[in-house]
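Before any comments, here is the structure.
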Amino acid sequence: MLAVGQEKLGIQDPNVIKAFGAFGGGIGGSGNVCGVLLAGVAVISSLYSRGSLEEKENPRMWKLSHRYMEKFAALTAEHGGLTCAEIAKVNWRDRDEAKNFYTNPESSRKECIRLVGEAAHALGELLEQETARETQG
């Protein structure tokens with residue numbers, strides 16, 4: 001998700017992508033909040049947050065983050081929530097379950113891949129709409 005966001009923004013910073021490596025599996029394989037949601041908010045933050053305490057945050061960051069979270073919640077509603085445990089239904093601490101997720105073409109991984117695509121599309125639309133608003137005035 002971050003790689004897609006960076007591409008869309010014309011940025012290439014592998015350190016940012018590396019920093020989010022452990023967000024997979026719901027933050028460190030804990031099954032908590034889906035890394036796709038967190039990465040989408042990180043892309044928005046990279047556009048509108050401040051780089052130091054002396055700078056001021058752009059209020060668009062909060063508005064767009066909330067809109068993205070709403071879209072993500074709608075995309076994951078059928079799974080019952082925003083967590084990796086609810087979406088992927090994998091216990092990441094169980095080696096056999098994790099292996100099945102990555103090697104079985106019928107595993108819930110196909111759902112995660114679909115969700116990444118849909119979330120990236122939703123984020124792209126939000127950013128395009130916001131860019132259009134900015135240019136209009």
Side-chain angles (χ1 to χ4, degrees):
M1 184 65 160
L2 278 172
V4 170
Q6 283 190 356
E7 182 180 316
K8 186 138 188 93
L9 301 173
I11 301 168
Q12 188 174 9
D13 188 346
N15 290 322
V16 172
I17 294 170
K18 282 177 154 183
F20 270 76
F23 282 67
I27 307 173
S30 68
N32 284 314
V33 179
C34 178
V36 174
L37 174 60
L38 299 172
V41 172
V43 170
I44 293 166
S45 292
S46 71
L47 281 171
Y48 297 106
S49 189
R50 58 188 176 188
S52 72
L53 293 176
E54 291 77 35
E55 295 178 44
K56 190 173 182 181
E57 289 178 332
N58 187 324
R60 288 183 170 122
M61 177 179 69
W62 304 107
K63 180 180 75 170
L64 285 173
S65 293
H66 287 276
R67 288 176 54 207
Y68 176 69
M69 290 176 66
E70 288 170 355
K71 288 189 175 285
F72 190 81
L75 290 172
T76 60
E78 67 188 84
H79 302 289
L82 306 173
T83 70
C84 182
E86 292 162 321
I87 298 165
K89 300 190 181 4
V90 173
N91 175 358
W92 296 104
R93 293 188 177 117
D94 181 318
R95 186 174 244 174
D96 291 332
E97 277 190 51
K99 182 178 179 182
N100 183 63
F101 177 83
Y102 286 108
T103 60
N104 180 354
E106 295 304 312
S107 76
S108 59
R109 185 166 189 243
K110 66 182 178 182
E111 181 60 22
C112 290
I113 291 168
R114 181 188 67 79
L115 181 60
V116 169
E118 289 179 355
H121 181 76
L123 178 61
E125 283 183 337
L126 282 174
L127 295 176
E128 287 173 8
Q129 290 166 3
E130 193 60 28
T131 299
R133 279 189 200 101
E134 288 174 6
T135 56
Q136 290 174 352

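Keep in mind it's a predicted model, so treat the numbers as computed, not measured.
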Checklist entry - Does one hydrophobic cluster hold both V43 and L38, with members joined at side-chain heavy-atom distances below 4.5 Å? => result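 Yes.
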
Checklist entry - Can you tell me how far the CG atom of L37 sits from the OG1 atom of T76, to the nearest 0.5 Å? => result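 Going from the CG atom of L37 to the OG1 atom of T76 covers 8.0 Å.
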
Checklist entry - How far does CD of E111 sit from CD1 of I87, to the nearest 0.5 angstrom? => result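 Output value for this atom pair is 8.5 Å.
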
Checklist entry - Among all residues two or more places apart in sequence or in another chain, which pass the ring-ring contact (aromatic ring centres under 6.0 Å, His included) test with Y48? => result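 Partners of Y48 under the ring-ring contact (aromatic ring centres under 6.0 Å, His included) test: none.
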
Item to check | With Y68 via ring-ring contact (aromatic ring centres under 6.0 Å, His included) - residues at least two apart | outcome: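 Counting only residues at least two positions away or on another chain, Y68 forms no ring-ring contact (aromatic ring centres under 6.0 Å, His included).
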
Next on the checklist: Angle between ring planes, Y102 versus W92, binned at 30° and 60°: parallel, tilted or perpendicular?
Outcome noted: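 Ring orientation of Y102 relative to W92: tilted.
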
Sub-4.5 Å side-chain heavy-atom contact between [X] and [Y]:
{"X": "I11", "Y": "V16", "answer": "no"}
{"X": "L115", "Y": "F72", "answer": "yes"}
{"X": "E130", "Y": "K63", "answer": "yes"}
{"X": "M1", "Y": "L123", "answer": "yes"}

Once side-chain contact (heavy atoms from CB on, under 4.5 Å) is applied, do any residues pair with [X], and if so which ones, sequence neighbours excluded?
{"X": "T103", "result": "K99"}
{"X": "V116", "result": "V36"}
{"X": "E106", "result": "N104, K110"}
{"X": "N15", "result": "D13, K18"}

Item to check | Ionic contact status for R67 with E70, cut-off 4.0 Å | outcome: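 No, E70 and R67 are not salt-bridged.
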
